[in-house]
Structures are given as structure tokens and as C-alpha cells.
Amino acid sequence: MVSARWLSYLWPVRVARGKGAHGPLELTWENGRLVVNSDQANQSHGALHRVWQRVLAEAEGAVREAGSVLLLGLGTGSVVHILRQELGLDTPITALEDDPLMIQWGREHFGLDKVEALRVVQGDALSGLEGLHATYDLVVVDVFEDLDIPPGWENGEAVNAVMQRTSPGGLVLWNTISRNPEQAGRIAGLRGHLRTWSAECREMHMERINTVFMVRRHSGR
């Protein structure tokens, strides 16, 4: 019998469908890879995985030097997979994720339950920052509601909360999406707030709609 994985080179093969925190989610084989999609976008291990492969490769020197990692928005673990399996790093990782279905699928289908030195906290990432007391050398922000940045994530309070959990001199990688003028305006606001914390704020543009900010926090602030 031909497996779903091999059939997926001909057409997508759905494995499961469920109600996520921000809408329906599908677990699907596509071109030999198991991915998670919402109605409008890939949420893990597809196009989003490619984005983070490129970003983490671009920042590989800083990534390898990081003694601790904070993920805001875990999904089913694309960034964890890249850090552990593709880059071979054993750096301790703390991940905040508000969608219990993402966490469940990550454990059942993507091996998150077998990853050592990974702490997963279920709950809203922004409010969850208040419960953290450590700072982190690398902070990855990948928080979306389908194809939108959640309300409040482009303002100064959100940026300050993230930067206060970033070690002085640490690196923040912040993923955004811009498909229309309203989203572009919100991203422009985010850009301005990020620059108040850093003399080094680079941008990577990928997959037509993704802009990832690479921000090195001021050592003295």
C-alpha cells in the first residue's frame, strides 16, 4: 500500500483537522513533509520553516553563541527542529505557546516530547512574559493569528516586554507579515519601537510577505 507520505508528492494528504486557538488547523502531508496549515497560511514545517531556516542561517554565529533561547510562538516546533536537528545545538529553550492543539500535535507528530532541555509553557505569550524572570541571549518572536499580528504586538509595551527578557547584547528575531497598507503601517510602528532598543536593526524579506527584524539589544540599556 502506498503511504500517505509518498502520495503527498502527487497531492496533499490530510492527516487530521482540529479547532485551534485562532481557527481551524490541518495536519497534512505535502511533498513528503508533514506540515500544519491554517485556512490561509502555513503555521509550521512548510513555508514558515523555510523562513526560519534562512534567518537562523543568517544569524548562525550569534545563534551558536547563545546560552539560552526564548521562543514566543512555538507552533509545532519548526524553530526547535532547526536548532536541534539541523544546527545540532543543545541550548536550553523556553517556549510560550497559546494554542493547546499546536502543543499536542507538536508532541504527537513532531517529537517535541523527546526534545531535551525544552520547557513548553502554554498560555498567551505576551502575558506569559510577566511570569519569566530570566533573560535570554536569543529571543525568537513568531506570534500570529493566522496571517495577522495579534492586537498589541506592534506597540511599545510589547517591544519593551520582549526586550526586558533579552540579555544586554542579546539578539531578537521578530517575524512579521505585511499584505496590505494597514499591516504595513503596524509593522512601521513596530520598526520604530525596536530601533529605540538597538543600534543594529536589520530586516530580511522572504516568501513575498514576511519581514523578519534582526535586532541586537543595546548592551547598556
Side-chain angles (χ1 to χ4, degrees), residues 18 20-22 25 27 34-36 38 42-46 48-49 51-53 55-57 59-145 149-150 152-153 157-175 197 212-217:
H22 306 290
L25 294 173
L27 183 69
L34 195 59
V35 304
V36 177
S38 64
N42 175 253
Q43 299 295 323
S44 278
H45 298 282
L48 187 62
H49 195 88
V51 167
W52 286 116
Q53 282 176 318
V55 172
L56 292 170
E60 185 171 349
V63 171
R64 290 192 176 279
E65 292 174 358
S68 55
V69 177
L70 174 63
L71 304 183
L72 303 178
L74 170 67
T76 57
S78 275
V79 172
V80 172
H81 179 94
I82 295 166
L83 293 176
R84 289 289 192 265
Q85 304 300 322
E86 299 180 24
L87 297 179
L89 304 182
D90 58 4
T91 312
I93 301 170
T94 297
L96 277 58
E97 172 58 54
D98 72 341
D99 194 328
L101 183 59
M102 286 285 198
I103 296 173
Q104 177 187 334
W105 282 357
R107 289 170 172 161
E108 292 178 354
H109 300 280
F110 298 95
L112 286 183
D113 57 335
K114 300 179 177 64
V115 177
E116 296 184 2
L118 171 65
R119 176 192 175 206
V120 178
V121 179
Q122 182 182 326
D124 176 73
L126 192 55
S127 61
L129 285 170
E130 299 176 1
L132 300 177
H133 304 289
T135 58
Y136 301 84
D137 300 327
L138 174 65
V139 178
V140 176
V141 183
D142 195 29
V143 181
F144 292 97
E145 294 179 355
I149 302 171
W153 273 91
E157 291 181 4
V159 171
N160 292 345
V162 171
M163 289 300 180
Q164 286 164 3
R165 298 274 62 84
T166 305
S167 304
L171 181 65
V172 175
L173 304 174
W174 196 309
N175 189 20
W197 282 88
V212 178
F213 293 98
M214 307 175 70
V215 183
R216 179 77 69 174
R217 179 184 163 174

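Nothing fancy with the numbering, it's 1 onward along the sequence.
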Where is the tightest heavy-atom contact between Q43 and L48, given as atom of each residue plus distance? O-CD2, 3.1 Å

Rounded to the nearest 0.5 Å, what's the gap from CD on E130 to CG on D124? Could you check? 9.0 Å

OG/S38 to CE/M102 distance, rounded to the nearest 0.5 angstrom? 7.5 Å

Within the structure provided, determine whether V140 and W52 are in side-chain contact (heavy-atom separation under 4.5 Å). yes

Could you walk me through whether L27 and F110 pass side-chain contact (heavy atoms from CB on, under 4.5 Å), step by step? CA-CA 11 Å; L27 183 69; F110 298 95; 3.8 Å; yes

Residues pairing under side-chain hydrogen bond (donor to acceptor under 3.5 Å, both in side chains) where one sits in residues 108-121, two or more places apart or in two chains, turn out to be Q104-E108

Side chains of E86 and H49 only: does a donor on one sit below 3.5 Å from an acceptor on the other? yes

Working note: T166 + V215, criterion side-chain contact (heavy atoms from CB on, under 4.5 Å); need CA distance, chi angles, decisive distance, verdict. CA-CA 11 Å; T166 305; V215 183; over 6 Å; no

Any chance you could measure L138, atom CG, to I93, atom CD1, to the nearest 0.5 Å? 9.0 Å

Under the side-chain contact (heavy atoms from CB on, under 4.5 Å) rule, what do T91 and L83 come out as? Steps first, then yes or no, please. CA-CA 8 Å; T91 312; L83 293 176; over 6 Å; no

Any chance you could measure D142, atom CG, to W174, atom CH2, to the nearest 0.5 Å? 11.5 Å

Nearest atoms (heavy-atom pairs only) where S44 meets G77: OG-N, 4.1 Å

Can you find a pair of side-chain heavy atoms, one from V172 and one from M163, that are under 4.5 Å apart? yes

Any donor-acceptor pair under 3.5 Å from D99 side chain to A21 backbone: yes

Note: G73 and V143 closest approach over all heavy atoms is N-CG2, 4.2 Å

Nearest heavy-atom pair of A62 and R216: which atoms, and what distance? CB-NH2, 3.6 Å

Do any N or O atoms from the side chain of R217 and from the backbone of G169 form a donor-acceptor pair under 3.5 angstrom? no

Taking the side chain as everything from C-beta on, heavy atoms only, tell me whether L89 gets closer than 4.5 Å to R64. yes

pair V162-W153: side-chain heavy atoms closer than 4.5 Å: yes

Distance in Å, T76 OG1 paired with L112 CG, rounded so as to fall on 0.5 Å steps: 7.0 Å

Applied to residues 131-141, the side-chain hydrogen bond (donor to acceptor under 3.5 Å, both in side chains) test, sequence neighbours excluded, yields T135-S167, D137-S167

Shortest non-hydrogen contact from D90 to A117? O-CB, 4.3 Å

Taking all atoms of both residues into account, what is the closest heavy-atom pair of G75 and E97, and its distance? N-OE1, 2.7 Å

Hey, are the side chains of W105 and L25 touching, using non-hydrogen atoms and a 4.5 Å cut-off? yes

When V139 is tested against each of L173, L70, L129 for side chain to side chain contact (heavy atoms under 4.5 Å, CB included), which residue passes? L70

